[in-house]
Amino acid sequence: MLNTSFLDALNGKPTAHTPIWLMRQAGRYLPEYLKTRQTAGSFMSLAQNPALATEVTLQPLDRYNLDAAILFSDILTIPDAMGLGLSFEQGEGPKFSHPLKTEESIINLNNADMHKLQYVFDAVSSIKKALNNRLPLIGFSGSPFTLACYMTEGGGSRNNFEFTRLLMYKRPDLFHRLLAINTNSIIDYLEQQILAGIDAFMLFDTWGGLLAEQNYLDFSLKYMEHIINVLKLKYPHIPCIVFTKGGGVWLPHLAKLHNINAIGVDWTIDIGRARQILNENTDSKQKYITLQGNLDPLILLSTPEQIELSAISMLNNYYKVNNNLTSYIANLGHGISQYTNPEHVEVYINTIKNISGKLISSHK
Ligand code: CP3
């Protein structure tokens with residue numbers, strides 16, 4: 001591997017600068033992405049074509065000095081392979097033609113057929129080949145709870161997934177059944193991504209932050225922990241990252257996951273405080289947990305001056321607690337907005353590289 005900074009940071013090893021990648025780094029803010037998507041016809045036909053998925057995965061890497069690639073796909077491929085019928089309407093977000101609205105539909109749900117997801121594993125092999133060991137490749141899945149949100153609601157939600165959360169309160173038995181099916185499918189899905197060549201995996205728990213604390217532990221974290229424990233037993237060398245949006249308040253719980261390599265945080269928590277909470281809640285037998293995050297993606301829509309100031313203060317806040325800047329991966333606190341100016345992205349990435357490089361070499 002030519003650039004090992006991302007994997008080094010995940011393994012707690014020192015790096016010359018803070019590695020950086022961005023959630024949704026391949027996407028609609030890039031004109032070259034829009035062009036490829038037009039060729040493909042739709043988001044799903046783009047994701048299902050390994051050659052085109054490879055092309056868009058590499059697009060941000062050709063533009064920017066990034067330290068990791070992320071598989072171009074979506075978290076909703078699993079429910080699609082379970083037969084829920086995924087489509088993305090223009091400007092409307094995801095939609096399922098067969099959402100889980102009845103007890104019967106959940107009782108009859110089966111594990112996702114991995115043959116139907118072969119296009120994802122083919123994309124992984126194709127991207128790995130194209131990367132030619134230039135950068136590591138991140139694979140991913142949604143969390144069991146976040147997938148359940150879309151599967152029961154039928155798409156996105158304007159009311160904090162009330163249908164989903166009410167189902168959880170009214171029929172916890174049925175909801176646990178759904179989460180268990182998702183968990184098994186996610187394990188199979190990530191295992192196939194590992195066999196196809198990914199270098200690390202990330203669980204996106206985008207909606208875990210909607211839950212009350214005990215419900216987060218019982219309906220989201222417990223299942224993510226199981227996935228990580230099963231995969232780590234078989235593939236101890238593949239690092240993992242867990243991202244719960246809104247999960248900053250639960251860092252003491254996340255810190256207790258013994259097999260975790262990194263925790264992604266959104267912008268609502270100061271990154272230095274997040275470091276401190278992790279340090280205070282891990283015991284000496286445990287490995288040092290890496291942090292990933294957490295600039296508010298909206299800042300990229302402001303001015304280059306503001307982006308620079310915010311990036312520097314983020315690094316300084318982490319540095320105040322961890323003065324060698326190890327175990328840190330810079331990212332955004334959530335996915336990049338489609339309205340982002342591509343030049344602003346460059347300002348963010350270059351600021352992180354330059355300033356962290358100076359801070360680290362001044363520490364030596
Ligand atoms: O990070 C990357 O570059 C890799 C690709 C990636 C996509 N989606 C591509 C995508 C990843 C990692 C995801 C994860 C994903 N998908 C999540 C978890 C992370 C998060 O953002 O919270 C979620 C909740 C989804 C579900 C999903 N997919 C939604 C809600 C939407 C529509 C959102 C929107 O911005 O309109 C998608 C579509 C999607 N997935 C797009 C991309 C580039 C835009 C679709 C398009 O090109 O038309």
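Remember, it's 1-based here, ligands and their atoms both numbered in the order they're listed. Quick note: residue numbers are just sequence positions, from 1.
Close to ligand 1: Pro94, with a non-hydrogen atom less than 4.0 angstrom away. The shortest heavy-atom distance from Phe243 to ligand 1 is not under 4.0 Å. For Thr57, the closest heavy-atom approach to ligand 1 does not fall below 4.0 Å.
A perpendicular orientation is assigned to the rings of Phe140 and Phe204, their planes being inclined by more than 60° (bins at 30° and 60°). Aromatic ring pairs are classed by plane angle as parallel below 30°, tilted from 30° to 60° and perpendicular above 60°; the pair Phe43 and Phe88 is perpendicular.
Thr146 and Thr206 are not linked by any side-chain donor-acceptor pair at a separation below 3.5 angstrom, with hydrogens and angles left out of the test. Side-chain contact of Thr36 with Gln59: a donor-acceptor pair under 3.5 Å is present, judged by distance alone.
Set against the non-hydrogen atoms of Tyr33, the atoms of ligand 1 under 4.0 Å away are 43 (C), 46 (C), 47 (O). Annotation for ligand 1: atoms under 4.0 Å from non-hydrogen atoms of Thr206 are 18 (C), 19 (C), 20 (C), 22 (O), 24 (C). In summary, the atoms of ligand 1 found under 4.0 Å from a heavy atom of Met23, numbered by their order in the structure, are 1 (O). With ligand atoms numbered from 1 in the order given, ligand 1 contributes 24 (C), 30 (C) to contacts under 4.0 Å with heavy atoms of Tyr150. Distances below 4.0 Å separate heavy atoms of His334 from the following atoms of ligand 1: 20 (C), 21 (O), 22 (O). Listed by number with element, the atoms of ligand 1 under 4.0 angstrom from any heavy atom of Phe88 are 28 (N), 31 (C), 37 (C), 38 (C). Each of the following atoms of ligand 1 lies closer than 4.0 Å to a heavy atom of Leu71: 4 (C), 5 (C). Near Gln25, meaning under 4.0 Å from one of its heavy atoms, ligand 1 places the atoms 1 (O), 2 (C), 3 (O).
Remark: ligand 1 and Arg28 share an N or O pair separated by less than 3.5 Å (distance only, no angle test). Residue Ile70 places no N or O, backbone or side chain, under 3.5 Å from any N or O of ligand 1. The distance criterion of under 3.5 Å between nitrogen or oxygen atoms is not met by Trp21 with respect to ligand 1.
The closest protein non-hydrogen atom to atom 19 (C) of ligand 1 is Phe204 CD2, 3.4 Å. If you check which protein heavy atom lies closest to atom 41 (C) of ligand 1, you get Phe43 CE1, 3.7 Å. Atom 46 (C) of ligand 1 has as its closest protein heavy atom Arg37 NH1, 2.8 Å. Ranking protein heavy atoms by distance to atom 1 (O) of ligand 1, first place goes to Arg24 N, 2.6 Å.
Residues Ile186 and Pro144 have side chains in contact (heavy-atom distance under 4.5 Å, counting atoms from C-beta outward). Residues Leu76 and Phe96 form a side-chain contact, since some pair of their non-hydrogen atoms from C-beta on lies under 4.5 Å apart. Side-chain atoms of Ile107 and Leu174, non-hydrogen and from C-beta on, do get closer than 4.5 Å to each other.
Checked against the 6.0 Å centroid criterion, the rings of Tyr33 and Phe72 qualify as a close aromatic pair.
Comment: Asp188 does not engage Lys116 in a salt bridge, judged by the lack of any side-chain N to carboxylate O separation of less than 4.0 angstrom.
When Asp266, Thr77, Ile75 are checked for heavy-atom proximity to atom 15 (C) of ligand 1, Ile75 turns out nearest. Comparing Leu46, Leu34, Thr146, Asp74 against atom 39 (C) of ligand 1, the shortest heavy-atom distance belongs to Asp74.
Annotation: side chain to side chain donor-acceptor pair (under 3.5 Å) contacts involving residues 71-86, sequence neighbours excluded, comprise Thr77-Tyr189. Pairs of residues two or more places apart, or lying in two chains, that qualify as side chain to side chain donor-acceptor pair (under 3.5 Å) and include a residue from residues 243-252 are Asp205-Thr244, Tyr216-Thr244.
To the nearest 0.5 angstrom, Phe243 atom CZ is 5.5 Å from Asp266 atom CG.
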